[in-house]
Amino acid sequence: MTVLLTVLEQGLIFGILALGVYLTYKVLDFADLSVEGTFPLGASITALLLTQGINASVAIFISFIGGMLAGAVTGLLHVKLKITNLLSGILVMSGLYSINLRVMGNRANIALFNQKHLFSTSLPTLLTIVLVVMVVKLLVDLFLKTKFGFMVKATGDNPQLVTTLGVHIGFVKIVCLMISNGLVGLAGSLSAQYQGYADVTMGTGTIVIGLAAVIFGEAIFKKSSWILPTTTAIIGAILYQGCTALALQFGFPPNDLKLLSAAIVTLALALNHYHFKVTLFKKHEMKGGIRDVKDPTTEQNFLSEHS
């Protein structure tokens, strides 16, 4: 029961990370690797503020703003300096490592066990996380239904159409990257408070977790049109954490978790594209004719009639 509770709590926290990755990867069609630096940035900012006696809610909000600033840098590198999206994310991710160390006072980690944080109240931890995730998910859904949200979707699907409408694509990308990385920073803030520490390396592999959550949820619920993609991303994050916990229960060493993560993403991609393979190898027959065009006798009769 304790393992299941932990899976739900950690899965929901990473569900916020998955929402940020969903905005860039699925909606904007932008491969953003800067989230591996933004996640520990949110944790670092929260750790610094909590040790200074700042309220946890204020620390979460400032962590969100810090993530937005990092996303803005990624967007500016891509839009203004014409650097590719992958390289822009890598540059920001690399630079944030040093910034995170500076934020934490040149320390690799900060313990928060003796600090008052969001989960040190009388409210159950799971209920607190559920409330935060529900609010964040609702805000993301509302954002995607706004006029600007539709512009973000159109930018990912057909940027030429957005240009003809007189909308600056670069501005749309920068704002979407800011919101995405803000969510990732918020997830890092919650993760630091939940685990009781902030570490400069805690962002390693977060992009894989986010992608696995988005792809895993989409692969499982691809035929359920009534479930919103934001919901499937959160469910995918919980399932991903469940797979990881199950692997540890079966005796897998923690050093193999990265390999397991890659295997989960590969499996999710295979499940997501399986229906394309079925369509590819399915026999196509002409409809509306009396005779089967693939019948050998039909082909011989056709040649004899026209010889």
Side-chain angles (χ1 to χ4, degrees), residues 13-46 49 57-97 99-100 103 132-133 135-157 159 162 167-191 203 206-207 210-211 214 229-230 233:
I13 291 176
F14 282 112
I16 300 178
L17 165 71
L19 290 177
V21 175
Y22 167 77
L23 287 178
T24 52
Y25 175 69
K26 295 297 293 184
V27 179
L28 189 62
D29 193 20
F30 189 103
D32 183 22
L33 297 181
S34 61
V35 297
E36 295 209 358
T38 311
F39 188 83
L41 175 64
S44 303
I45 294 175
T46 297
L49 295 178
S57 300
V58 177
I60 292 174
F61 178 74
I62 297 178
S63 298
F64 177 79
I65 298 299
M68 291 186 70
L69 293 176
V73 174
T74 304
L76 289 172
L77 289 177
H78 174 67
V79 174
K80 298 299 182 182
L81 300 183
K82 307 301 179 182
I83 301 175
T84 60
N85 50 9
L86 286 174
L87 188 54
S88 298
I90 293 174
L91 290 173
V92 174
M93 176 186 65
S94 302
L96 284 177
Y97 182 86
I99 293 177
N100 293 336
V103 171
V132 174
V133 173
V135 171
V136 173
K137 179 191 177 304
L138 178 62
L139 292 175
V140 172
D141 289 336
L142 291 176
F143 165 73
L144 293 175
K145 291 181 180 179
T146 61
K147 181 178 179 181
F148 190 85
F150 283 112
M151 286 297 175
V152 173
K153 294 179 181 179
T155 301
D157 293 335
V162 179
V167 179
H168 193 273
I169 295 180
F171 176 75
V172 176
K173 289 183 177 181
I174 292 174
V175 174
C176 185
L177 285 168
M178 291 176 65
I179 296 175
S180 171
N181 282 275
L183 293 176
V184 175
L186 192 154
S189 175
L190 292 177
S191 181
T206 51
I207 184 63
L211 290 174
V214 173
T230 52

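Here the options are Asn181, Thr74, Thr206, Asn100, the test is side chain to side chain donor-acceptor pair (under 3.5 Å), and the partner is Thr38; only Asn181 passes.
Of all heavy-atom pairs between Ala43 and Gly188, the closest is CB-O, 3.5 Å. In terms of heavy-atom proximity, Leu86 sits nearest to Ala31 at CD2-CB, 3.7 Å. Between Leu96 and Gly37, the shortest heavy-atom distance links the atoms CD1-C, 3.4 Å. In terms of heavy atoms, Gly210 sits closest to Leu17 at N-CD2, 4.2 Å. Closest approach of Ala70 and Leu41 over heavy atoms only: CB-CD2, 4.1 Å. Across every non-hydrogen atom of Val214 and Ala18, the tightest pair is CG2-O, 3.6 Å.
Between the CG atom of Leu28 and the OG1 atom of Thr155 there is a distance of 6.5 Å, given to the nearest 0.5 Å. A distance of 9.0 Å separates CG in Asp32 from OG in Ser88, rounded to the nearest 0.5 Å. The structure places NZ of Lys173 at 10.0 Å from NE2 of His168, a figure rounded to the nearest 0.5 Å. How far CD1 of Ile65 is from CD1 of Ile60: 13.0 Å, rounded to the nearest 0.5 Å. From Ser191, atom OG reaches atom CG of Leu186 across 11.5 Å, with rounding to the nearest 0.5 Å. Here the CD1 atom belonging to Ile62 is positioned 10.0 Å from the OG atom belonging to Ser189, to the nearest 0.5 angstrom.
At a threshold of 4.5 Å between non-hydrogen side-chain atoms, the residues Phe30 and Cys176 do not count as touching. Between Phe148 and Val172, some side-chain heavy-atom pair lies under the 4.5 Å cut-off. Side-chain atoms of Val58 and Leu49, non-hydrogen and from C-beta on, never get closer than 4.5 Å to each other.
Surrounding CZ of Phe64 are more than 12 heavy atoms belonging to other residues, nucleotides or ligands, all under 6.0 Å away. Residue-environment remark: CZ (Phe171) stays at or below the threshold of 12 foreign heavy atoms within 6.0 Å.
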Apply salt bridge (charged side-chain N to carboxylate O under 4.0 Å, His left out) to the pair Asp141 and Lys137, showing each step before the final yes or no.
-> CA-CA 6 Å; Asp141 289 336; Lys137 179 191 177 304; 2.6 Å; yes

Val140 and Leu183: side chain to side chain contact (heavy atoms under 4.5 Å, CB included), yes or no, with the steps?
-> CA-CA 10 Å; Val140 172; Leu183 293 176; 3.9 Å; yes

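Without hydrogens or angle criteria, Thr146 side chain to Phe143 main chain gives a donor-acceptor distance under 3.5 Å. When atom types are taken as modelled, the side chain of Ser44 and the backbone of Pro40 share a donor-acceptor pair closer than 3.5 angstrom.
For Leu87, the side chain to side chain contact (heavy atoms under 4.5 Å, CB included) partners two or more places apart in sequence, or in a different chain, are Ile83, Thr84, Leu91. Considering only residues two or more places apart in sequence or on other chains, Ile207 meets the side chain to side chain contact (heavy atoms under 4.5 Å, CB included) condition with Leu33, Val35, Glu36, Leu211.
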